[in-house]
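In what follows, a structure is listed as structure tokens, so that the remarks can point back to it.
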Amino acid sequence: MPNQSGLLDLNSIEISEITDLFFFAETLQKNFKEKKSLNYKDRYRGLTAALLFFEPSTRTRFSFETAAARCGLHPLVLSGSEGTSLEKGESYEDTILNIQAMGPEVFIIRSSEELDMAAIARRLSRPVINAGWGVLGHPSQALLDAYCWTRYLESAQKKNLQGQRLLIVGDIRHSRVAASHRELAHKLGYEVAFCGPADFLPLVTDVKTFSTLSEGLGWCTAVMVLRVQLERHKTKIPLTEYIHNFQLNADQLKYLNSEAPIFHPGPVNYGTEIDCQILSDSRNQILHQVESGVWLRQALILKTLEGGEL
Ligand code: CP
């Protein structure tokens, strides 16, 4: 949960905390637009946030970096192993413990499952925010998606996510984003269904699945397309067949409700899981997700540090 103990997953977060977080993110966004100065910047001046990205990232790293800077925290960024003592054989755990000795206020960590993030979090005196942990979860991504979706619904005079239906299309078996949406859907009352070739679906799941994209698009009120994570597959993936059956393109879009938002957590491989025609579709929310991510993550950092008092 987003308090002094940080955020490793979404199982233990309370619904009221999520609502609070969304309200907080919206307030930060509004205040920034209105150039209102808030006093937390003075509180954190001279203090640091440790952003330890042991796996590649663009959106999550930059948005947490922006969020930390807007809180007044100086972001200390480790990005990959190059140029660090990981190259000399130092372990992830020892790296983190050494950085703790330098006194950051919060740890924001992206890693593979090779690092036991939960175990290291118990050894640290400061909170840990999971910024993507192997295939296990990406809680801040699911939260920002839901925040972005909520705002989209509000602009269409529809109140919240209760009863909404999210179709997640693509490489779900390797998706930490899909894993976190399963956790979040239980809290916020939206339903999740999966769509993709059998090899991409989780081996065991109690989630509704669609084997054809047109059927899934006809069912949902929002669609989220995922990248094919070639780097996590042990065998070669026949992409031509995948594109033919599951690419979201103009032919398939006719099955999607005219008001249903289109999400993608990124990075996007245009021409594979999604066609670039989506860029001009009014339902495309991809860059709104990125923008929402900064506010949601700033709210998350502040709430983690001090319960959210502005
Ligand atoms: N959505 C997401 O996690 O993107 P990055 O890998 O670029 O951070």
Side-chain angles (χ1 to χ4, degrees), residues 6-10 21 25 49-70 75-82 92 106-115 117 128-149 151-152 166 168-185 192 200 222-233 248 261-270 272-274 278-279 284-301:
L7 181 76
L8 294 181
D9 60 51
L10 295 169
L21 200 56
L51 276 68
L52 309 181
F53 280 66
F54 300 116
E55 281 204 324
S57 167
T58 297
R59 276 147 295 275
T60 313
R61 181 163 69 82
F62 272 82
S63 78
F64 268 120
E65 214 173 324
T66 309
R70 284 185 184 160
L76 298 172
V77 184
L78 182 153
S79 182
S81 59
E82 207 179 320
Y92 294 129
V106 59
F107 288 87
I108 296 158
I109 301 179
R110 166 165 296 193
S111 75
S112 67
E113 298 95 335
E114 205 183 316
L115 173 73
M117 212 187 283
V128 174
I129 297 175
N130 169 2
W133 183 10
V135 298
L136 298 176
H138 195 350
S140 70
Q141 178 70 47
L143 285 168
L144 78 84
D145 295 338
Y147 173 60
C148 184
W149 191 5
R151 299 210 55 172
Y152 181 89
L166 177 65
I168 304 184
V169 183
D171 195 358
I172 294 143
R173 196 180 293 178
H174 298 99
S175 173
R176 51 188 168 217
V177 178
S180 288
H181 270 288
R182 286 193 64 185
E183 294 172 359
L184 192 58
V192 167
F200 284 14
V223 61
M224 174 172 290
V225 184
L226 301 176
R227 181 175 69 89
V228 179
Q229 300 190 50
L230 293 171
E231 72 278 17
R232 295 193 199 272
H233 285 266
L248 189 64
I262 300 166
F263 299 115
H264 192 313
V268 182
N269 285 325
Y270 287 103
T272 303
E273 70 270 16
I274 200 163
I278 303 296
L279 290 169
N284 171 11
Q285 296 297 300
I286 298 173
L287 292 181
H288 291 300
Q289 285 171 271
V290 178
E291 188 191 356
S292 300
V294 176
W295 305 116
L296 189 283
R297 286 173 171 140
Q298 187 180 352
L300 186 55
I301 291 171

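Throughout, residue positions are numbered sequentially from 1 according to the sequence presented. Start at 1 and go down the list; that is how both ligands and their atoms are numbered.
When each of V77, I301, T60 is paired with I108, the side-chain contact (heavy atoms from CB on, under 4.5 Å) condition holds for I301 and for no other. Checking I172, D171, L226 one by one against F200, the side-chain contact (heavy atoms from CB on, under 4.5 Å) holds for a single residue, D171. The side-chain contact (heavy atoms from CB on, under 4.5 Å) test with Q141 singles out one residue from R59, Q289, H181, and that residue is Q289.
Residues passing the side chain to side chain donor-acceptor pair (under 3.5 Å) test with S180: none are found, sequence neighbours excluded.
Among protein residues, S57, T58, R59, T60, R110, H138, Q141, P265, G266 come within 4.0 Å of ligand 1, judged on heavy atoms.
Pairing each heavy atom of A146 with each of L184, the nearest pair is CB-CD2, 3.6 Å.
Judged by the 6.0 Å distance and 45° axis criteria, R110 is not positioned over the aromatic ring of F53.
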